[in-house]
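Working notes, structure below.
Reminder, nothing fancy here: chain letters follow the sequence lines and each chain counts from 1. Here the structure is a predicted model, which means the values were calculated and not measured.
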Protein chains: 2
Amino acid sequence: MKKVTIADVAKHAGVSKSTVSQYLNQRFDYMREETKIRIEETINELGYKPNILARSLKQKSTTTIGVIVANILHVFSTQVIRAIEDVCNEKDFHVIICNADDQPEKEKKYIDMLRAKQVDGLILFPTGKNVEQYQELISENYPVVFIDRLINGLQTDTVLLDNEKASFLAVDSFVKHGYSKIAVLSPPIEPDVTPRVERLSGYKKALEHHQLSIREEFIVSGKTTDMQSLIHHLFQLSDPPKAILATNDRSLMELLSYVKKNKLSIPKDIGLIGIDDVSFADIYNPGLTTVAQPAFEMGEKAAELLFKRIQEKEEPNQAEIYRFEPTLIQRESL
Amino acid sequence: MKKVTIADVAKHAGVSKSTVSQYLNQRFDYMREETKIRIEETINELGYKPNILARSLKQKSTTTIGVIVANILHVFSTQVIRAIEDVCNEKDFHVIICNADDQPEKEKKYIDMLRAKQVDGLILFPTGKNVEQYQELISENYPVVFIDRLINGLQTDTVLLDNEKASFLAVDSFVKHGYSKIAVLSPPIEPDVTPRVERLSGYKKALEHHQLSIREEFIVSGKTTDMQSLIHHLFQLSDPPKAILATNDRSLMELLSYVKKNKLSIPKDIGLIGIDDVSFADIYNPGLTTVAQPAFEMGEKAAELLFKRIQEKEEPNQAEIYRFEPTLIQRESL
DNA sequence: CTGAAAGCGCTTACAG
DNA sequence: CTGAAAGCGCTTACAG
């Protein structure tokens, strides 16, 4: 099965390649109806399919953007991706998703790969560890938008949750329900991972705001693999917490797993709020109170910002930070 | 920021484009050490990044495959995708994921788009509605592998779950636990959606095998939006079921939602098994007994089959169907 | 050991 | 209204 090209169509239809190309690009201004029909018929007859690669090479646009997420296992990432895809679909753009798996080297590889593939722009959930490379993108005026994490000193549009507010909402709700011994459970705190840093500081500020003391032993953070023992330690304290804020979906799952294994009862033994509205929050027993991120809006915004940059590639307009508001979804876990 | 090309590197290094190209492709056989170093330095100095598009155009391979899933919302799809990506990463292939969203027109568009982008092969969770197009792919000897759904009369490698066995495992387990009034809850039965058809027939055969009568009113299938009322109807029967097999993750979620809203108790009021090992099966109260698909192995197999086809593009070898075994994961919901 | 030339499949000014 | 020619950024036989 030989590939049929524009040259074959031209020969068959008795016109030049240019004319076929005009036809393909809907430039009918000067084309005789007759020619148009002839080309159309030939295309169908030969089963011609354009080779976008060749077009992209010439036009210097692939109508494709790349998205690199730090870790696809987070619901937030998948929701944002859906939103980005929706926006792109509308504009007839395609999107290539890559998962850095929290590994900076992978992220680096993907950035290179996507640029080599000539994608028109990039949306990054940055690992935070490849600052030099981020900086390079920006100084080359390559269209790029960051989401979820803020890299200090980088002049680029960034879409973020108001993370402190998320913790505030949770702590407020705990306090309103009469809780005062409130612990927090977080993945490892790393300076570049904005949500973790800010949610923790939000937690502290909220406690202060309610004039509750901050107890260091109530602040637990660690890798998924260590969480069970960390949580265990928390419950073994002489004066253990009566409520826990899980700062993301993975921590929440670990916490629920612990609760279940130890036959604790929610909210009798322990009150619970999770940031990220997990899929099973509603059907869990009891229903899980969560703080939801407006993931869809955030993804949409990121895509829109990127398209704006792609279009105005010349003028390197000001970089801005966009903060989005979380919402508390009250259910039955406290 | 002008793009630097192979020609710029050549000029700067004082060699020809061919030599630079040889360097890039690691063909050092006849290259003087000196030349090699000079090129390397120039590349770093200019910040040269190869344009893969141009290479792909010439080499007629993009080292990219496409995956089109019928519906990304199913856990099974996401797990399969992970596996495919792993295999591809190893071979330095890239993968573009598309979600047909159960809409045949979208699937059609994506097939065209991916081929236009010259992907080297395709893995399809077919909607089943574009048989002509599938047929075209196959008769053009285009590398393609199907997964999850079997399209009758199509000569192509297909990776499937042993769906009847999945239902058997569930019914067997129900029977062993003393249940005899067993209903089944499924998405709409469509002839081309193999898992639904086969899981239903497996359910029937399993009942027969245990000499239980098949009650038509115990077989309920419908769209997600109708499920609540369908389930309600099921429980309103004068002689309602004591156990329900949910044939996929979406049905299971609907069922759990109903159970919760109506304050039913699992397994006291109703025993439950779901096909697809949902993420929260373990932490749910009670733990949910599920039938797991070996999604990872299935994805791996699909990718391997595709690579085999990509390599042996000449000889259109025999198409085969590969069936994978489900496993029952016993928890506490019956 | 390296270079000149042709070509991958398109698009796009420009000429007529 | 349509065609000839150049060019996008690479690779690859082939010549020397």
**Report entry** Separation of atom CG in A:Asn51 from atom C1' in C:dT11, rounded to whole Å
**Finding:** 13 Å
Query raised in the report: Rounded to whole angstroms, how far apart are NZ on A:Lys49 and C1' on C:dC10?
Result: 17 Å
Query raised in the report: What is the distance, rounded to the nearest whole Å, between atom CD of B:Gln118 and atom P of C:dC8?
Result: 14 Å
Report summary line: Paired to D:dA4 by Watson-Crick or G-U wobble criteria (both distances under 3.5 Å) is none
Query raised in the report: Taking atom C1' of D:dG7 as reference, at what distance in whole Å does atom CG of B:Asp8 sit?
Result: 15 Å
Query - Neighbour count above 12 (heavy atom, 6.0 Å) for A:Lys108 NZ - result: no
**Report entry** B:Ile6 CD1 - C:dA5 C1' separation (whole Å)
**Finding:** 15 Å
Requested in this report: State whether a side-chain donor-acceptor pair under 3.5 Å links A:Tyr322 with A:Glu297.
Outcome: no
Query raised in the report: Think B:Thr5 has a side-chain N or O under 4.0 angstrom from the OP1 or OP2 of D:dC8?
Result: no
Grab the N/O contacts between the protein and nucleotides 12-16 of chain C below 3.5 Å, and write none if there aren't any.
residue: C:dT12; atom: OP1; partner: A:Gln59; partner atom: OE1; Å: 3.3
residue: C:dT12; atom: OP2; partner: A:Arg27; partner atom: NH2; Å: 2.6
residue: C:dT12; atom: O4; partner: A:Ser18; partner atom: OG; Å: 3.4

Report summary line: Using Watson-Crick geometry (N1-N3 plus N6-O4 or O6-N4) or G-U wobble (N1-O2, O6-N3), each under 3.5 Å, D:dA13 is paired with none
Query raised in the report: Does the side chain of A:Glu107 reach to within under 4.5 Å of the side chain of A:Ile111, using non-hydrogen atoms?
Result: yes
Requested in this report: Provide, to the nearest angstrom, the distance between the CZ atom belonging to A:Arg38 and the C1' atom belonging to D:dT2.
Outcome: 11 Å
Query raised in the report: Taking atom P of C:dC8 as reference, at what distance in whole Å does atom CG of B:Leu57 sit?
Result: 9 Å
Query raised in the report: Does NZ in B:Lys49 sit with more than 12 non-hydrogen atoms of other residues, nucleotides or ligands closer than 6.0 Å?
Result: yes
Report task. Check the pair A:Thr19 / A:Ser16 against side-chain hydrogen bond (donor to acceptor under 3.5 Å, both in side chains), numbers first and verdict last. Result -> CA-CA 5 Å; A:Thr19 308; A:Ser16 77; 3.2 Å; yes
Query raised in the report: Taking atom P of D:dC10 as reference, at what distance in whole Å does atom CZ of A:Arg55 sit?
Result: 21 Å
Query raised in the report: Phosphate oxygens OP1/OP2 of C:dT2: is one of them under 4.0 Å from a side-chain N or O of B:Thr35?
Result: yes
Query raised in the report: Does NZ or CZ of B:Lys301 lie under 6.0 Å from the centre of the six-membered ring of B:Phe324, at an angle within 45° of the ring axis?
Result: no
Requested in this report: Establish, from distance only, whether the side-chain atoms of A:Thr64 and B:Lys117 form a donor-acceptor pair under 3.5 Å.
Outcome: yes
Query raised in the report: Which part of the nucleic acid, if any, lies within contact of B:Tyr23, taking any heavy atom under 4.0 Å across all strands shown: a base, the sugar-phosphate backbone alone, or nothing?
Result: nothing
Report task. Using only side-chain N and O atoms of B:Arg32, determine if any of them is under 4.0 Å from OP1 or OP2 of C:dT2. Result -> yes
